[in-house]
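Only one structure is covered here, and it is reproduced in the block below.
All values reported here derive from a predicted model rather than from experimental measurement. Side chains included, hydrogens not; waters and symmetry mates left out as well; all remaining heavy atoms used.
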Amino acid sequence: MKQEMKGLLLEDRWAPVTSEMGFLELGAEQAAQAYATWAREVMTPRGITVEVLPVTGTLEQVLSSLLPLTSGERRRHLFIPTHSAWTAYVADQWTGTDAASPMSAMARRLSIRGLRVVAVPHTLRGNQGRYGAVMLEVYGPEQPGKISNTVRALGASNDGGRWVFDQSGEPFPFEQVEQYQARRVRDRFTFEMLKDYLRHLGLAPFEEDFYMPPGSCAWLIQKTGPFGTILQEYTLEEARAARVL
């Protein structure tokens, strides 16, 4: 099926895992250890062990540490160093990483910034393909008097056949706010705009060489024990086939 977004990470070979990613403004090992501490607060009383394991190699090799992908509760979370102040986050869900809740919670707990980045090409033709989406959410420390710690959120997505544009929070100085009035809804926040905004925030997350600086390692959070939900395992190929990638 025709790829509508040019320049996706690893040519989209690791979708759906990398279709949504999280980022924390913190070193990779520190981010992983902080996440493990949070996870142990919840998992240890259930008899589940949480380990932090170093993973080395190329970007695709460290992504492979998430396999097999799973349904039900997440068992593996990966924190990947970058050539920046940010650490990338992905998880082992067979439907793709769900970054919103963990990035928001970590930003609140650690008083740092966190991001949710979504880039899915719209390839739906008939009953096959994917609904497109381009989204950016920025989280910050606890906001006094506010329930949410979302600082800024932008998104253009196809919601079951209809394109919608949403935004909340104050725009950053670098935003192309005039584009939000574009006649065609999907043009109000494009993949190129997302990449530009991320550059202003110090990230180049769709470039392979942005990750795994020489001599660095990624950190895998692995949970083992009695999970409360039935887990099914999937290869990357099975997950991609199920989502018609």
**Request:** Apply side-chain contact (heavy atoms from CB on, under 4.5 Å) to L10 and E208, showing your working.
**Result:** CA-CA 6 Å; L10 297 170; E208 182 178 357; 3.5 Å; yes
**Request:** Starting from the C-alpha separation in whole Å, work towards a yes-or-no answer on salt bridge (Lys or Arg N to Asp or Glu O under 4.0 Å) for E73 and R46.
**Result:** CA-CA 13 Å; E73 290 188 56; R46 295 174 50 194; 2.8 Å; yes
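In this structure E192 satisfies the side-chain contact (heavy atoms from CB on, under 4.5 Å) test together with T190, K195, sequence neighbours excluded. Applying the side-chain hydrogen bond (donor to acceptor under 3.5 Å, both in side chains) rule to R109 yields the partners E41; only residues at least two apart in sequence or on another chain are considered.
Separation of atoms CE (M212) and OG1 (T58) is listed at 8.0 Å; rounding is to 0.5 Å. Considering CD of E233 and CG of L67, their distance stands at 10.0 Å, rounded to 0.5 Å. Rounding to the nearest 0.5 angstrom, the gap separating the CD atom in E60 from the OG1 atom in T18 is 9.5 Å. Rounding to the nearest 0.5 angstrom, the gap separating the OG atom in S71 from the CG atom in D92 is 9.5 Å. The CG atom of L59 sits 4.5 Å away from the CG atom of L63 when rounded to the nearest 0.5 Å. For the atom pair CG (L110) and CG (L24), the distance works out to 7.5 Å, reported to the nearest 0.5 Å.
Aromatic rings of Y197 and F172 (six-membered ring for Trp) have centroids beyond the 6.0 Å cut-off, not under it. With ring centers used as reference points, Y139 lies 6.0 Å or more from F23. In this structure, Y35 has its ring center under 6.0 Å from that of H77.
A continuous path of Ile, Leu, Val, Met, Phe, Trp and Tyr side chains, each step under 4.5 Å between heavy atoms, connects Y234 with L66, placing both in one hydrophobic cluster. Note on W94 and L236: same hydrophobic cluster, where clusters join Ile, Leu, Val, Met, Phe, Trp and Tyr whose side-chain heavy atoms are under 4.5 Å apart, directly or indirectly.
With no hydrogens or angles considered, a side-chain donor-acceptor pair links R152 and Q167 at under 3.5 Å.
Between P81 and S216, the shortest heavy-atom contact is CG-OG, 3.6 Å. Nearest heavy atom pair, residue P68 against residue T70, reads O-CG2, 3.7 Å.
The aromatic rings of H122 and Y131 lie tilted to each other, with the angle between the two planes from 30° to 60°.
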